[in-house]
Amino acid sequence: MASQRVFQLGLQRAAAPSFAKLQPAGRMVQRRLAATQSVNSAEGHEILAKQRLQRPVSPHLTIYKPQITWTASSFNRITGVALSGSLYLFGFAYLAAPTLGWHLETPSLVAAVASWPVAVKIAAKATVALPFFFHSLNGFRHLAWDLGIGFTNKVVIQTGWTVVGLTVATTLYYTLLG
Amino acid sequence: MLSTLARASAKPSSPLTQSLRPSFVRTAVPKSTRIAAFHATQRQQILPPLPQTIEGTANDPTPVPTPEPVHGSYHWSFERIVSAGLIPLTIAPFAAGSLNPVTDSILCALLVIHSHIGFESCIVDYFPVKRIPLARKVAMWALRIGTLTLGVALYSFETNDVGITEAVTRIWHA
């Protein structure tokens with residue numbers, strides 16, 4: 001820092017010498033006395049390894065203010081994993097069903113679901129519909145971003161809340177009416 | 001005059017006063033204390049750093065993998081094409097009731113690929129090779145086996161049963 005300043009002052013003086021503004025160079029010069037010692041490469045590695053432990057580490061997510069930009073993004077992944085995870089589990093169960101004596105053919109499932117009370121049906125439908133509609137609708141945003149569309153902070157916030165609104169609407173419609 | 005003004009308008013300890021004062025009058029607060037003032041909350045780290053090992057010499061550049069479109073741009077475009085292809089196949093059953101067997105099978109195939117890619121990126125994100133190499137390998141192989149099993153299961157479902165869109169429609173209206 002100090003050496004840079006001295007260099008700049010020198011340049012200024014060279015460009016426009018003015019004796020009225022002349023400052024003694026000693027005023028700006030700092031002297032730092034530092035002792036150096038040479039270490040071998042093994043010791044050097046040890047010092048470096050110790051120094052690297054001092055580097056900052058990302059703090060926990062809870063320090064960030066919840067905003068639609070990043071919460072929607074995490075919810076996108078969570079819903080995706082939930083939907084695909086259910087599909088995988090159903091696939092495994094469907095393959096294992098004959099061996100284990102389960103009945104996972106469509107008619108048996110329909111009969112099983114038909115016997116549930118209405119409240120349970122609604123709860124189950126909402127549990128499936130909410131992640132499905134969120135992930136599907138949010139997918140449009142991600143594909144738009146991949147084309148470079150709607151990438152300003154304002155638009156990202158607007159489309160984020162639009163997706164939340166549409167998710168709630170479609171989930172309610174298909175849970176209660178559809 | 002400046003110091004009088006600063007004293008009258010702001011508290012002596014405020015940052016404004018500090019910056020208005022000449023440097024030799026500024027209070028000598030140790031730097032660590034000044035930084036610590038910002039850290040009012042408990043120190044919570046997702047992953048504390050591992051013991052550091054230095055590979056090679058101290059000043060080696062970060063290894064950059066050789067550019068390979070199959071793992072880069074082609075893969076990226078492929079993911080997006082699969083995702084975009086899912087859009088009409090997802091909307092169609094809502095409009096038409098269910099899909100015919102061929103379209104339904106295409107939907108299944110795209111869902112398998114889309115799910116596989118999704119899980120793969122989760123594994124890449126949460127199981128770093130540097131930290132947990134074994135868990136990463138196990139997770140990737142579990143995913144590969146799981147995806148193949150799902151493929152077999154969906155083939156069986158498509159050929160022996162009514163197809164997923166028809167099945168969901170029937171269960172939904174049960």
Side-chain angles (χ1 to χ4, degrees), chain A residues 41 44-63 76-77 80-81 83-85 87-98 104-107 109-116 121 124-125 128-129 132 135-136 139-140 142-143 146-147 170 174-175 178, chain B residues 39 41-59 76-77 79-81 83-84 86-87 90-91 94 108 111-112 114-119 121-122 125 143 146-147 149-157 160-164 166-174:
Chain A
S41 103
H45 273 197
E46 205 178 299
I47 293 169
L48 184 63
K50 220 178 266 176
Q51 191 58 37
R52 282 189 179 175
L53 282 176
Q54 304 292 321
R55 290 194 290 199
V57 176
S58 296
H60 202 271
L61 282 179
T62 48
I63 73 152
N76 191 59
R77 176 163 277 191
V81 167
L83 291 165
S84 288
L87 180 68
Y88 273 58
L89 289 181
F90 174 75
F92 300 158
Y94 188 77
L95 273 192
L104 291 176
E105 318 83 45
T106 306
L109 289 177
V110 170
V113 172
S115 68
W116 291 353
K121 268 192 214 173
K125 280 185 186 182
V128 176
F132 172 77
H135 194 84
S136 307
F140 284 104
H142 277 272
L143 286 172
D146 292 338
L147 294 172
T170 45
Y174 281 101
T175 303
Chain B
H39 295 264
T41 47
Q42 201 186 340
R43 190 178 156 93
Q44 286 180 312
Q45 294 175 337
I46 296 179
L47 294 170
L50 295 173
Q52 300 290 306
T53 49
I54 289 122
E55 287 154 23
T57 62
N59 266 333
W76 191 89
S77 309
E79 286 171 3
R80 269 71 196 172
I81 289 166
S83 308
L86 278 169
I87 295 173
T90 312
I91 295 174
F94 283 95
C108 284
L111 276 182
V112 170
H114 189 74
S115 303
H116 181 87
I117 291 171
F119 280 131
S121 23
C122 290
D125 286 353
L143 175 64
T147 302
T149 316
L150 177 69
V152 174
L154 286 180
Y155 177 79
S156 164
F157 193 80
N160 300 324
D161 214 305
V162 291
I164 49 167
E166 180 62 27
V168 169
T169 311
R170 285 191 197 174
I171 292 168
W172 207 261
H173 297 296

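Chain identifiers are assigned alphabetically (A, B, ...) following the order of the sequence lines, protein sequences preceding nucleic acid strands; residue numbering begins at 1 within each chain. As a basis for the values below, the full set of heavy atoms in this structure was taken, side chains included, without hydrogen atoms, waters or symmetry mates.
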Query raised in the report: What are the two closest heavy atoms between B:F119 and A:G85, and how far apart are they?
Result: CZ-N, 3.6 Å

Query raised in the report: Residues in ring pair (Phe, Tyr, Trp, His ring centres under 6.0 Å) with A:H142, at least two apart?
Result: A:W145

Query raised in the report: Where is the tightest heavy-atom contact between A:A129 and B:W172, given as atom of each residue plus distance?
Result: CB-CH2, 4.1 Å

Query raised in the report: Quick one: what part of A:L48 sits under 4.5 Å from any heavy atom of chain B, side chain, backbone, both or neither?
Result: both

Query raised in the report: How far apart are the closest heavy atoms of B:A174 and A:V110, and which atoms are they?
Result: CB-O, 3.6 Å

Query raised in the report: Mind checking what makes salt bridge (charged side-chain N to carboxylate O under 4.0 Å, His left out) contact with B:E79, not counting sequence neighbours?
Result: none

**Report entry** Proximal component of A:Y88, with respect to chain B [non-hydrogen, under 4.5 Å]
**Finding:** both

**Report entry** Spacing of CG belonging to A:L109 relative to CZ belonging to B:R170, to within rounding of 0.5 Å
**Finding:** 11.5 Å

Requested in this report: Would you mind checking which part of A:K50 comes under 4.5 Å of any heavy atom in chain B, side chain (CB onward), backbone (N, CA, C, O), both or neither?
Outcome: neither

Query raised in the report: Mind checking whether A:S84 and B:H114 have side chains closer than 4.5 Å, heavy atoms only?
Result: no

Report task. Select one option (side chain, backbone, both, neither) describing which atoms of A:R52 are under 4.5 Å from chain B's heavy atoms. Result -> both

Query - Structural part of A:F132 lying under 4.5 Å from a heavy atom of chain B - result: side chain

Report task. For each of A:V128, A:T106, A:L104, A:L53, tally heavy-atom pairs with chain B at distances under 4.5 Å, and name the one with the top tally. Result -> A:T106

Query raised in the report: Given the options B:C122, B:A167, B:G118, which has more heavy-atom pairs under 4.5 Å with chain A than any of the others?
Result: B:C122

Requested in this report: With a 4.5 angstrom heavy-atom cut-off, could you sort out which part of B:S156 is near chain A: side chain, backbone, both or neither?
Outcome: both

Query raised in the report: Side chain, backbone, both or neither: which part of A:L83 has an atom under 4.5 Å from a heavy atom of chain B?
Result: neither

Report summary line: For A:G91 and B:L150 the tightest heavy-atom approach is CA-CD1, 4.0 Å

**Report entry** From A:H45 atom NE2 to B:Q52 atom CD, the distance as rounded to the nearest 0.5 Å
**Finding:** 12.5 Å

Query - chain A contact via B:I87 - which portion, at a heavy-atom distance below 4.5 Å - result: side chain

Requested in this report: Please report the C-alpha distance between B:F94 and A:T170 in whole Å, then the side-chain angles of each, then the deciding distance to 0.1 Å, and finally whether the side chain to side chain contact (heavy atoms under 4.5 Å, CB included) criterion is met.
Outcome: CA-CA 12 Å; B:F94 283 95; A:T170 45; over 6 Å; no

**Report entry** B:S77 side, atom OG; A:D146 side, atom CG - distance, nearest 0.5 Å
**Finding:** 9.5 Å

Query raised in the report: Of the backbone (N, CA, C, O) and the side chain (C-beta and beyond), which part of B:H173 lies under 4.5 Å from a heavy atom of chain A, both, or neither?
Result: side chain

**Report entry** Under 4.5 Å from any heavy atom of chain A - which part of B:V168
**Finding:** neither

Query raised in the report: More than 12 heavy atoms of other residues, nucleotides or ligands under 6.0 Å from OH of A:Y174: is that the case?
Result: yes

Report summary line: Taken to the nearest 0.5 Å, the spacing of A:F90 CZ from B:L154 CG works out to 8.5 Å

